[in-house]
Undergrad: 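Just dropping this structure here.
Atoms considered below: every heavy atom in the structure, side chains included; atoms not considered: hydrogens, waters and symmetry mates.
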Amino acid sequence: QVQLVESGGGLVQPGGSLRLSCVASGIVFSAYTMVWYRRAPGKERELVAVISNGGNTNYANSVKGRFTISRDNGKNTVYLRMSSLKPEDTAIYYCNVRIGITAYWGQGTQVTVSS
């Protein structure tokens with residue numbers, strides 16, 4: 001079965017950096033677009049970054065220039081490098097893949113940006 005496992009979250013000071021990882025299993029990872037979402041307290045889920053199977057990327061305006069999405073098909077892993085973090089980046093970050101009409105999600109990893 002499809003499984004996505006995120007890691008790398010934590011507490012970081014404003015201006016700091018983190019790198020999130022999402023390891024996928026049960027899929028031909030290289031064939032699929034991978035997406036990072038986040039949900040901040042009291043807010044709706046927000047798309048953060050997308051990377052296609054060909055390596056094309058796209059970002060939410062709120063993170064453009066600060067976050068970088070990348071993938072390692074040999075490791076079945078998608079990364080989200082986050083820098084210049086702000087308190088408003090505090091959220092649970094989720095990895096996502098859509099296969100046909102079905103969306104698969106990881107359990108999420110908490111990122112807290114606070115001094």
Side-chain angles (χ1 to χ4, degrees):
Q1 71 276 22
V2 179
Q3 190 172 18
L4 303 172
V5 179
E6 301 98 334
S7 62
L11 173 63
V12 62
Q13 292 188 344
S17 299
L18 281 175
R19 189 181 77 161
L20 307 183
S21 300
C22 170
V23 180
S25 59
I27 63 172
V28 180
F29 180 78
S30 60
Y32 295 102
T33 292
M34 301 299 297
V35 187
W36 283 99
Y37 285 85
R38 67 185 180 187
R39 187 190 297 275
K43 294 188 177 181
E44 293 189 355
R45 186 175 59 208
E46 174 189 22
L47 186 149
V48 176
V50 181
I51 185 165
S52 73
N53 58 346
N56 294 317
T57 59
N58 203 358
Y59 299 90
N61 287 335
S62 57
V63 307
K64 208 169 286 186
R66 300 188 299 121
F67 289 13
T68 302
I69 189 171
S70 61
R71 66 191 298 158
D72 185 336
N73 290 336
K75 295 182 178 180
N76 283 11
T77 301
V78 58
Y79 302 99
L80 186 68
R81 175 69 177 177
M82 307 184 295
S83 58
S84 301
L85 282 161
K86 305 175 182 179
E88 51 264 42
D89 295 317
T90 295
I92 301 174
Y93 284 72
Y94 298 92
C95 181
N96 166 274
V97 64
R98 183 175 295 276
I99 301 174
I101 62 170
T102 304
Y104 297 90
W105 299 89
Q107 82 288 350
T109 185
Q110 175 72 49
V111 173
T112 302
V113 184
S114 175
S115 54

Undergrad: Output the distance between atom CG (Asn53) and atom CD1 (Ile51), rounded to the nearest 0.5 Å.
TA: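 So the gap between those two atoms works out to 9.5 Å.
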Undergrad: Please examine the side chains of Thr33 and Ser52, heavy atoms only from C-beta on, and report whether any two atoms are closer than 4.5 Å.
TA: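 Yes. Closest side-chain heavy atoms under 4.5 Å.
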Undergrad: Under 4.5 Å between any side-chain heavy atoms of Gln3 and Val23, yes or no?
TA: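 Side chain of Gln3 against side chain of Val23, heavy atoms only: no contact under 4.5 Å found.
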Undergrad: Measure the shortest side-chain to side-chain distance between Ile69 and Val78 over non-hydrogen atoms and say whether it is less than 4.5 angstrom.
TA: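 Yes - at least one pair of side-chain heavy atoms lies under 4.5 Å apart.
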Undergrad: Where do Ala40 and Thr90 come nearest, in terms of heavy atoms and distance?
TA: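 Answer, listing the atom of Ala40 first, then Thr90: CB-O, 3.5 Å.
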Undergrad: What pair of heavy atoms forms the shortest contact from Ser30 to Arg71, and how long is it?
TA: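 That would be CA-NH2, 3.9 Å.
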Undergrad: Drop me the distance from Ser83's OG to Leu18's CG, to the nearest 0.5 angstrom.
TA: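 It comes to 10.5 Å.
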Undergrad: Kindly say whether Gly108 contributes a backbone atom to a donor-acceptor pair with the side chain of Glu6 at under 3.5 angstrom?
TA: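 Answer holds: yes.
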Undergrad: Return the minimal non-hydrogen interatomic distance between Ala49 and Leu80, and the atom names on each side.
TA: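 Heavy atoms of Ala49 and Leu80 come nearest at CB-CD1, 4.0 Å.
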Undergrad: Rounded at 0.5 Å granularity, tell me how far CG in Asn76 sits from CE in Met34.
TA: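 That separation rounds to 9.0 Å.
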Undergrad: With sequence neighbours left out, which residue pairs that include part of residues 17-67 fulfil the ring pair (Phe, Tyr, Trp, His ring centres under 6.0 Å) condition?
TA: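 Counting only pairs at least two positions apart or across chains, the ring pair (Phe, Tyr, Trp, His ring centres under 6.0 Å) contacts touching residues 17-67 are Tyr37-Trp105.
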Undergrad: Would you check if Met82 and Leu20 make a side-chain contact, meaning some heavy-atom pair closer than 4.5 Å?
TA: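 Side chain of Met82 against side chain of Leu20, heavy atoms only: contact under 4.5 Å found.
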Undergrad: For Asn96 and Arg98, which I'm curious about, is there any donor-acceptor pair between the side chains at under 3.5 Å?
TA: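 Side-chain D/A pair, Asn96 to Arg98: absent.
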Undergrad: If you draw a 6.0 Å radius around NZ in Lys43, do more than 12 non-hydrogen atoms from other residues or ligands fall strictly inside?
TA: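 No, because the 6.0 Å sphere around NZ of Lys43 holds 12 heavy atoms or fewer from other groups.
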Undergrad: Would you say Val48 and Tyr94 are hydrophobically clustered, going by side-chain heavy atoms of ILVMFWY under 4.5 Å?
TA: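 Different clusters.
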Undergrad: Are the side chains of Leu11 and Ser114 in touch, meaning some heavy atoms are under 4.5 Å apart?
TA: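 Result yes, sub-4.5 Å side-chain heavy-atom pair found.
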Undergrad: I'd like to know if Val2 and Val28 are part of one continuous hydrophobic network [Ile/Leu/Val/Met/Phe/Trp/Tyr, side-chain heavy atoms within less than 4.5 Å].
TA: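 Different clusters.
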Undergrad: OH/Tyr93 to CD/Glu46 distance, rounded to the nearest 0.5 angstrom?
TA: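 It is 8.0 Å, given to the nearest 0.5 Å.
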Undergrad: When you compare the side chain of Asp89 with that of Arg66, does any pair of heavy atoms fall below 4.5 Å?
TA: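 When only atoms from C-beta onward are counted, Asp89 and Arg66 do touch, with a gap below 4.5 Å.
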Undergrad: Please find the pair of heavy atoms, one from Thr77 and one from Ser21, that lie closest to each other, and give the distance.
TA: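 Nearest pair, atom of Thr77 first, then Ser21: CG2-CB, 4.2 Å.
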Undergrad: Transitively linked via ILVMFWY side-chain contacts under 4.5 Å: Ile92 with Val5?
TA: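 No, separate clusters.
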Undergrad: Looking at every non-hydrogen atom in both residues, tell me the closest pair between Ser17 and Arg81 and how far apart they are.
TA: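 Residues Ser17 and Arg81, closest heavy atoms: CB-NH2, 3.7 Å.
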Undergrad: At their closest point, which heavy atom of Ala24 faces which heavy atom of Ile27, and how far apart are they?
TA: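 In this case the closest contact between Ala24 and Ile27 is CB-CD1, 4.0 Å.
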Undergrad: Measure the spacing between CG of Asp72 and OH of Tyr79 and express it to the nearest 0.5 Å.
TA: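 It is 5.0 Å, given to the nearest 0.5 Å.
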